[in-house]
Amino acid sequence: MSGDHSHSEDQVDSGSRFNSHKHKDKYKDKEHKHKDHKKDKEREKSKHGNDHKESSDKKHRDKEKLKHKDGSTDKYKDKHKEKRKEEKMKSFDGKVKKEKENGFAPPHVKSEPEENFYHSPQLEKSLKRERDDDNSEFKPKKIKIENDKKAKKRKPNEDIKSKKTKNKKGEVADGKKKAKKEPEEKWKWEEERYTDGSKWKFLEHKGPVFAPPYEPLPSNVKFYYDKHMKLSPESEEVATFFAKMLDHEYTTKDIFRKNFFKDWKKEMSSEEKAKITDLKKCNFTELSDYFKAQSEARKAMTKEDKLKIKEENERMLQEYGFCIMDNHRERIANFRIEPPGLFRGRGDHPKMGMLKRRIRPKDIIINCSDSKHPEPPPGTKWKEVRHDNKVTWLVSWTENIQGSIKYIMLNPSSRIKLQGEKDWQKYETARRLKKCVDRIRTQYREDWKSKEMRIRQRAVALYFIDKLALRAGNEKEEGETADTVGCCSVRVEHIKLYPENDGQEFVVEFDFLGKDSIRYYNKVPVEKRVFKNLQLFMENKEPDDDLFDRLNTSVLNKHLQELMDGLTAKVFRTYNASITLQQQLKALTNDENVTAKILSYNRANRAVAILCNHQRAPPKTFEKSMQNLQTKIDAKRDQLSDAKRELKSSKADAKVRRDERSKTVETKKKAVERLEDQLMKLEVQATDREENKQIALGTSKLNYLDPRISVACKKWGIPVEKIYNKTQREKFAWAIDMAEEDYEF
DNA sequence: CACGTGACTTAGGATCGGGTCC
DNA sequence: GGACCCGATCCTAAGTCACGTG
């Protein structure tokens, strides 16, 4: 009874397949796991150590079958399995349905607009990532990176004598197109660089801003438990957290309610605890209404009051929002400490609804120069003040839900040395991958034939990471987070194999929840060897066994490190994202006018977002706003045809009057042109928006696309301002500074 | 090597605020 | 001048990956 049959029957409704499992007994098997791995390895060695190097695939398979037979490697999964089964059963009763409305339409399957205009063949192609079918992509055209002197000059690892150039990112930031700067300014963003791993020499800041203290409710706002009940401030505060979320579907979820109630009780006085025993009987509506009224009131404030608040915020920003780091005044990203509230995990998070504690000064670690440190609020103490210049954070504390550390760090635009330079290095690494990706691809294809299971698994996983831009997929502690996976942690239940599907051979269907519980759904034809390997990996496994049972991210990354210095799984995402953008741009940008070019750019960007599976929930008002736009378009059409008619008649009129150079005709002509232009813009906008319905461009734009590619779009007459807004230009100041139009990723 | 942990990047949703439309 | 809409910004969760420890 092989696992893959029992699980391929599809009665499990697609929603429930994704419900996460709260694996409570996560520790059960750890020891076994290690042992088993070790055993396997020995077995592998003794079995294959003296094999002939070129045995046939089949031979291997037979041998490897043996390896699987005893199932030893997979033992450790069994416990989880049971857990998961339980969970599945649970999810049947429909408690937890499709937690992510948005995640469920695979981007490339999404119904495409009819006009072929929408998807150029190239785009289509890249969407499906059918790279392997045409080898061309494995042989990228030679690109003279060498030409890019600047890039060279500034090899990440190369030491740069800290040459003091100008500082202040101000000029770039202030929105004015400041184009070319004088050479001496050119590399201002890369001045001091420390070779000893220090991140700074001097750091001074004002410390964090704490959440405002709790303000008890006015006495006319009442909480009811059967009848009115006055809560102690502590439990009242927690009650308000729940009340504020009453409209959110979170509060209907069992886990959320359970976690909340449990934590709430901890805050209650003993009398309260004795009385309040059932969350269902709690009536929060007055509290909820009160907060709604408050936010209404805030919206309805007078201009002056709003201005006052704005000014106050600005003052806070100026006072706390900046630090001095090595002679620069740098913007801090999050100087406000996270306020207390209820934890909102994403997806089916086992901890959703838990109380996120208020952070006090004594929870806070301050990091700064030892010259002087920020004062804690009167009457309080910091947990610690340290002076660690090997890290970039200014403030940290430990959060009580997962026990992880939270930080206050700098803004992404912050110079340069910290963020900008890191960013730049990231893309330089990706460009180095570009130079050796052929070699790596050749190698992993070779490794598909390896005698060793672990090598085959590694090679197939790498193929997916490369071809599909999957994330690495670290192991996660079960029961602590939502059940999501990445490449190395994909389970048998997440893929289906089709020897033939829709006229294509060797199709693999992926269906799993990735980071943030966003669904990854994709059907891809793969090479035969990959397919056969997958079959092999799945043999004798249960649906919830790891597909790559002899692989994890650290093994994979260690291997990658050997292939290229600095190479890790995520570099493939960066590389493939950036290279895709560059290719798509070349293919798409033939249009004459800027509007069309921007659309092309967005489409290229979209191709990347689809590759990286960056989805968003379709905006709530999407349908309506599309309709509005359509109305506008129709109106514009009417206007246009009117204008055309008028033009015609005035032409005829002019003819009659033998008025060769009629003013009216000229004006009418202008009007028609203007309307045509406007109509075109609207239509492009509609196209763009429709295509973007559930795709988020921001993430790839901000994190995966080498900004220099975008900057270089000026060669097609696309100004940076049309691609990056002000914030983005700040973040990418380094790229705007250095990239020329001939920049090649 | 497994494991825990710390630092930092990547991520989508919520909220804000300024412009537009009626 | 109020409602609405949308991009920008804020928020903080959730990844990746390196490193230290035993």
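The shown structure was predicted, so the numbers you read here are calculated from the model rather than taken from an experiment. The chains referred to below are lettered A, B, ... by the order of the sequence lines, with proteins before strands, and numbering in each begins at 1. Computed from heavy atoms alone, side chains included, the values below leave out hydrogens, waters and symmetry copies.
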Subject >> Proximity to the side chain of A/Ser625 - top-ranked nucleotide from C/dA18, B/dT9, C/dC6 >> reply: C/dC6

**OP:** With heavy atoms under 4.0 Å as the rule, sort A/Lys306 into base, sugar-phosphate or nothing.
**Re:** nothing

Subject >> Integer-rounded Å distance: B/dC1 P and A/Asn557 CG >> reply: 14 Å

**OP:** Would you tell me if any nitrogen or oxygen in the side chain of A/Asn334 comes within less than 4.0 Å of OP1 or OP2 on C/dC11?
**Re:** no

Original post:
Do A/Phe343 and A/His349 have ring centres separated by under 6.0 Å?
Top reply: yes

Original post:
Looking for any heavy atom pair under 4.0 Å, which part of the strands does A/Gly698 touch: base, sugar-phosphate only, or nothing?
Top reply: nothing

**OP:** Could you state the atom-to-atom distance from CG of A/Leu410 to C1' of B/dT9 in whole Å?
**Re:** 14 Å

Original post:
Rounding to a whole Å, what distance do you find between A/Arg616:CZ and C/dA8:C1'?
Top reply: 14 Å

Original post:
What nucleotide among C/dC17, B/dA7, C/dC5 has an atom nearest to a side-chain atom of A/Asn628?
Top reply: C/dC5

Original post:
Could you give the CG-to-C1' distance, from A/Asn703 to C/dT16, as a whole number of Å?
Top reply: 13 Å

Original post:
Roughly, in whole Å, what's the span from CD in A/Gln402 to P in B/dG6?
Top reply: 14 Å

Original post:
Phosphate oxygens OP1/OP2 of B/dG6: is one of them under 4.0 Å from a side-chain N or O of A/Ser396?
Top reply: no

Original post:
For A/Arg386 and B/dG6, is the shortest distance between a side-chain N/O and OP1 or OP2 below 4.0 Å?
Top reply: no

**OP:** State whether A/Phe256 and A/Lys253 meet the cation-pi test: NZ (Lys) or CZ (Arg) under 6.0 Å from the six-membered ring centroid, and within 45° of the perpendicular axis.
**Re:** no

**OP:** Counting heavy atoms from C-beta on, name the nucleotide in C/dC5, B/dA7, B/dG13 closest to the side chain of A/Val391.
**Re:** B/dA7

**OP:** Measure from the side-chain heavy atoms of A/Pro339 and tell me the nearest of B/dA7, C/dT12, B/dA11.
**Re:** C/dT12

**OP:** Output yes when at least one side-chain N/O atom of A/Thr481 is less than 4.0 Å from OP1 or OP2 of C/dA14, else no.
**Re:** no

Original post:
Which comes earlier along DNA chain C counting from the 5' end, the contact point of A/Val571 or that of A/Thr621, where each point is its nearest nucleotide?
Top reply: A/Thr621

Original post:
Would you call A/Asp363-A/Arg357 a salt bridge at under 4.0 Å N-O?
Top reply: yes

Original post:
Has A/Arg331 got a side-chain N or O lying under 4.0 Å from the OP1 or OP2 atom of C/dC10?
Top reply: yes

**OP:** Using a heavy-atom cut-off of under 4.0 Å over every strand shown, decide if A/Tyr704 touches base, sugar-phosphate, or nothing.
**Re:** sugar-phosphate

Original post:
Just checking A/Lys570: base, sugar-phosphate only, or nothing, at a heavy-atom cut-off of under 4.0 Å?
Top reply: sugar-phosphate

Original post:
Got a donor-acceptor pair under 3.5 Å from the side chain of A/Lys426 to the base of B/dT9?
Top reply: no

**OP:** Please figure out whether A/Lys406 or A/Cys487 has its closest DNA chain C nucleotide nearer the 5' end.
**Re:** A/Lys406

**OP:** Just compare C/dA13, C/dA18, B/dG12 and give me whichever is closest to any side-chain atom of A/Lys356.
**Re:** C/dA13

**OP:** Heavy atoms under 4.0 Å is the rule here; annotate nucleotides 14-22 of chain B 5' to 3' with B where the base is hit, S where only the sugar-phosphate is, and - elsewhere.
**Re:** S---S----

Subject >> Minimum-distance nucleotide to A/Lys422 side chain [options: C/dG15, B/dC8, B/dA11] >> reply: B/dC8

Original post:
Name the one of A/Lys515, A/Arg519, A/Arg346, A/Lys476 that satisfies side-chain hydrogen bond (donor to acceptor under 3.5 Å, both in side chains) with A/Thr484?
Top reply: A/Lys476

Subject >> Validation row, ring centre A/Phe732 to ring centre A/Tyr724 under 6.0 Å >> reply: yes

Original post:
Whole Å only: how far is the CG atom of A/Asn474 from the C1' atom of B/dG6?
Top reply: 14 Å

Subject >> Distance below 4.0 Å between A/Ser517 side-chain N/O and C/dA14 OP1 or OP2 >> reply: no

Subject >> Among B/dG13, B/dG12, C/dT12, the one nearest A/Asp516 by side-chain distance >> reply: B/dG12

Subject >> Residue-phosphate contact under 4.0 Å: A/His349 side-chain N/O, C/dA13 OP1/OP2 >> reply: no

Original post:
So what does A/Gly473 touch, heavy atoms closer than 4.0 Å: a base, only the sugar-phosphate, or nothing?
Top reply: sugar-phosphate

Subject >> Residues in side-chain hydrogen bond (donor to acceptor under 3.5 Å, both in side chains) contact with A/Ser404, at least two apart in sequence or another chain >> reply: A/Glu399

**OP:** May I ask you to check whether A/Thr481 and A/Lys351 show a side-chain donor-acceptor distance below 3.5 Å?
**Re:** no

Original post:
Which of these nucleotides, C/dG15, B/dT9, C/dT12, is closest to any side-chain atom of A/Thr484?
Top reply: C/dG15

**OP:** Determine: side-chain N/O of A/Thr553 to OP1/OP2 of C/dT16, distance under 4.0 Å, yes or no.
**Re:** no

**OP:** Would you kindly give the CG-to-P distance between A/Leu697 and C/dG7, to the nearest whole Å?
**Re:** 11 Å

**OP:** Return each pair, listed once, that meets ring-ring contact (aromatic ring centres under 6.0 Å, His included) where at least one residue sits in residues 681-706 of chain A; pairs must be two or more places apart or across chains.
**Re:** A/His614-A/Tyr704

Subject >> Side-chain N,O (A/Arg471) to OP1/OP2 (B/dA11) below 4.0 Å >> reply: yes

Original post:
With a 3.5 Å cut-off and no angle check, do the side chains of A/Asn557 and A/Thr568 form a donor-acceptor pair?
Top reply: no

Subject >> Closest to the A/Ala569 side chain, choosing from C/dC17, C/dG15, C/dT12 >> reply: C/dC17

Subject >> Nearest-angstrom distance from the residue atom CZ of A/Phe622 to C1' of C/dG7 >> reply: 15 Å

Original post:
Any luck finding a side-chain donor-acceptor pair between A/Tyr601 and A/Ser710 under 3.5 Å?
Top reply: yes

